[in-house]
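Here's the structure we're looking at; comments come further down.
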Amino acid sequence: MNISILGSTGSIGTQALEVVDDLKGIKDIAVLAITGNSNVELLEAQARRYKPSLAVIADEKKYNDLKCRLADTNIKVSTGEEGLCEAATLDKCDMVLSSIVGFAGLVPTMKAIEAGKDIALANKETLVTAGGLFTDAVKRHNVRLLPVDSEHSAIFQSLHGGNRGELNKILLTASGGPFFGKTKDELKGIKKEQALKHPNWSMGAKITIDSATLMNKGLEIIEAKWLFDVFLDDIEVVVHRESIIHSMVEFCDKSVIAQLSLPSMKHPIQYAFTYPERLPSPDRSVSFAELKALTFAKPDEETFRCLALAKKAGRMGGIMPTVLNAANEVAVAAFLCDKIGFLEIGEYVESVLSKYENKLNFTIEDIIEIDRSVRLEHKI
């Protein structure tokens, strides 16, 4: 199998390359293209190790640096959105891992679908902002859309325990982030260093902050709606601090089937790469004898407003999830630059949502323009 990894220098991308190494001798996987945002040193190292035909640096200012570094190789070097789209549509590519963080993954992922590539999806923003357009394109081009988020992979796997028509509801688990149980007063002075300390997962800065605000779980609800063709109100969020149960499904007979494993993104990445097969993994097994407890709780949507706002935008549909996502990306970036406080992330998102009228019929071009307008007109 030949794969292109969009976002190879990020958390998901680096672990995906580790999975490729883990599967050597078991499954033949060739890396045809790698892309990074601005980390030239890591992208060069990956290019020399995996010898793809194409390496893309999204930051156009870093293009000459990467090109010079790889001048002694036969690897083609490209940049910008055009380069990302080229990586996503290479003729010999069978599967594209879409793990670019944020809205930037939308166009290359759609181009990959239109080129008939199977998609291993780790970029939730594509389904959040243009879910109907993406799922329609997947059907039209007869490609497979395999979830890589640990929760959505768990749901995908658990659904094999029954027929889709027998599904009653989805139970989407959440770790609760680093601030579970805290009040609004306790969160007023939170600094980014505290918010970036996730109790269970090692992730990039943006997704870690989203986990702390519970926006990540809100985005995952919208993503699950499109991935599994269910109503938003048929998805229930359950806080599970241990992150052993990655999500569950309840069928009409009230049987609940769950997928369990230790917190590691390598499991869902490998499953997407090898589906429908299950192949050996070097990951550790769950030791049930050592587990002290598996706990569950309801999320506090009053304190963590981002979850409630995502649900609201998801129910409204149309362009509102795009507005939500763009506003959140602006607010998180501002928080990471110490321009706003932790609680102001949700306040900002709510304020921006109130300024837009919904539009139910839209194109990819409309989505791109709305995203642009939110970022330009509501800068922090």
Side-chain angles (χ1 to χ4, degrees), residues 3-14 16-17 31-91 93 96-115 117 119 121-126 129-130 204-207 322 325-326 328-334 336-337 339 364-380:
I3 63 171
S4 290
I5 300 179
L6 307 184
S8 67
T9 59
S11 175
I12 298 295
T14 54
L17 290 172
V31 180
L32 290 189
I34 55 174
T35 82
N37 183 33
S38 60
N39 191 335
V40 174
E41 292 81 5
L42 180 54
L43 196 61
E44 179 197 3
Q46 290 176 345
R48 292 189 179 278
R49 177 177 175 85
Y50 296 96
K51 297 178 173 55
S53 60
L54 175 66
V56 180
I57 187 81
D59 186 345
E60 296 181 4
K61 295 177 183 176
K62 303 289 183 73
Y63 168 72
N64 286 332
D65 188 4
L66 183 64
K67 191 169 179 61
C68 288
R69 287 170 179 263
L70 296 176
D72 63 322
T73 73
N74 293 322
I75 299 169
K76 181 180 178 181
V77 177
S78 189
T79 188
E81 186 176 276
E82 183 178 343
L84 294 174
C85 291
E86 182 180 0
T89 57
L90 290 174
D91 286 343
C93 176
V96 173
L97 171 62
S98 176
S99 59
I100 298 172
V101 175
F103 188 78
L106 181 133
V107 172
T109 308
M110 180 61 90
K111 293 294 185 183
I113 293 171
E114 291 171 348
K117 313 302 182 185
I119 306 296
L121 187 68
N123 174 278
K124 60 178 62 65
E125 289 82 1
T126 55
T129 58
K206 193 267 180 183
I207 193 172
T322 300
N325 181 72
N328 179 63
E329 288 192 18
V330 170
V332 169
L336 289 170
C337 292
K339 292 181 179 179
I364 285 287
E365 290 71 27
D366 293 330
I367 292 297
I368 293 170
E369 176 56 29
I370 291 159
D371 177 84
R372 186 196 65 81
S373 74
V374 171
R375 294 171 194 273
L376 283 178
E377 296 172 20
H378 303 283
K379 286 182 180 179
I380 296 178

Contacts of type side-chain hydrogen bond (donor to acceptor under 3.5 Å, both in side chains), residue S373, not counting sequence neighbours: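 With neighbours one apart ignored, the set is Y356.
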Partners of E329 by side-chain hydrogen bond (donor to acceptor under 3.5 Å, both in side chains), sequence neighbours excluded?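 Only N325, R375 meet the side-chain hydrogen bond (donor to acceptor under 3.5 Å, both in side chains) criterion with E329.
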Looking at every non-hydrogen atom in both residues, tell me the closest pair between [X] and [Y] and how far apart they are.
X: A331; Y: I380; result: CA-CD1, 4.0 Å
X: F103; Y: D371; result: CD2-OD2, 3.3 Å
X: I75; Y: A47; result: CD1-O, 3.5 Å
X: G7; Y: I100; result: N-CG1, 3.9 Å
X: G105; Y: P108; result: O-CD, 3.6 Å

So does [Y] get a backbone contact from the side chain of [X], meaning a donor-acceptor N/O pair under 3.5 Å?
X: T14; Y: T9; result: no
X: K379; Y: L376; result: no
X: K61; Y: S38; result: no
X: K117; Y: A88; result: no

If I take atom [atom1] from residue [X] and atom [atom2] from residue [Y], how far apart are they, to the nearest 0.5 angstrom?
X: D65; Y: L43; atom1: CG; atom2: CG; answer: 10.5 Å
X: L97; Y: S8; atom1: CG; atom2: OG; answer: 9.5 Å
X: L90; Y: S53; atom1: CG; atom2: OG; answer: 5.0 Å
X: T126; Y: M110; atom1: OG1; atom2: CE; answer: 9.0 Å

Within 6.0 angstrom of K111 NZ, more than 12 heavy atoms from elsewhere: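 Counting neighbours around NZ of K111, 12 or fewer heavy atoms of other residues, nucleotides or ligands fall under 6.0 Å, so no.
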Around atom CG of D72, are there more than 12 heavy atoms of other residues, nucleotides or ligands at under 6.0 Å?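 It does: D72 CG has more than 12 such atoms within range.
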Let me have the donor-acceptor pairs involving side chains of residues 77-87, under 3.5 Å, with sequence neighbours excluded, atom names and distances please.
| from | atom 1 | to | atom 2 | distance (Å) |
| --- | --- | --- | --- | --- |
| T79 | OG1 | I57 | O | 2.6 |
| E86 | OE2 | K76 | NZ | 2.7 |

So which of L32, I3, I34, I5 actually passes side-chain contact (heavy atoms from CB on, under 4.5 Å) with P52?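 Of all the options given, the one that passes is I34.
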Would E125 and L106 satisfy side chain to side chain contact (heavy atoms under 4.5 Å, CB included), going step by step from the backbone distance to the final call? CA-CA 7 Å; E125 289 82 1; L106 181 133; over 6 Å; no
Does the side chain of [Y] come within less than 4.5 Å of [X]'s, by heavy atoms?
X: V101; Y: I207; value: no
X: N123; Y: L6; value: no
X: E369; Y: R372; value: yes
X: H378; Y: V330; value: no

Who are the side-chain contact (heavy atoms from CB on, under 4.5 Å) partners of D366, not counting sequence neighbours?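 D366 satisfies side-chain contact (heavy atoms from CB on, under 4.5 Å) with K359, F362, T363 once adjacent residues are dropped.
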Would E41 and R69 satisfy side chain to side chain contact (heavy atoms under 4.5 Å, CB included), going step by step from the backbone distance to the final call? CA-CA 9 Å; E41 292 81 5; R69 287 170 179 263; 3.4 Å; yes
What residue pairs, at least two apart or across chains, pass side-chain hydrogen bond (donor to acceptor under 3.5 Å, both in side chains) with a residue in residues 96-109?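 Counting only pairs at least two positions apart or across chains, the side-chain hydrogen bond (donor to acceptor under 3.5 Å, both in side chains) contacts touching residues 96-109 are S98-T109.
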What pairs with D91 under salt bridge (charged side-chain N to carboxylate O under 4.0 Å, His left out), at least two apart in sequence or on another chain?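 Testing D91 for salt bridge (charged side-chain N to carboxylate O under 4.0 Å, His left out), a comparison that skips the adjacent residues, returns none.
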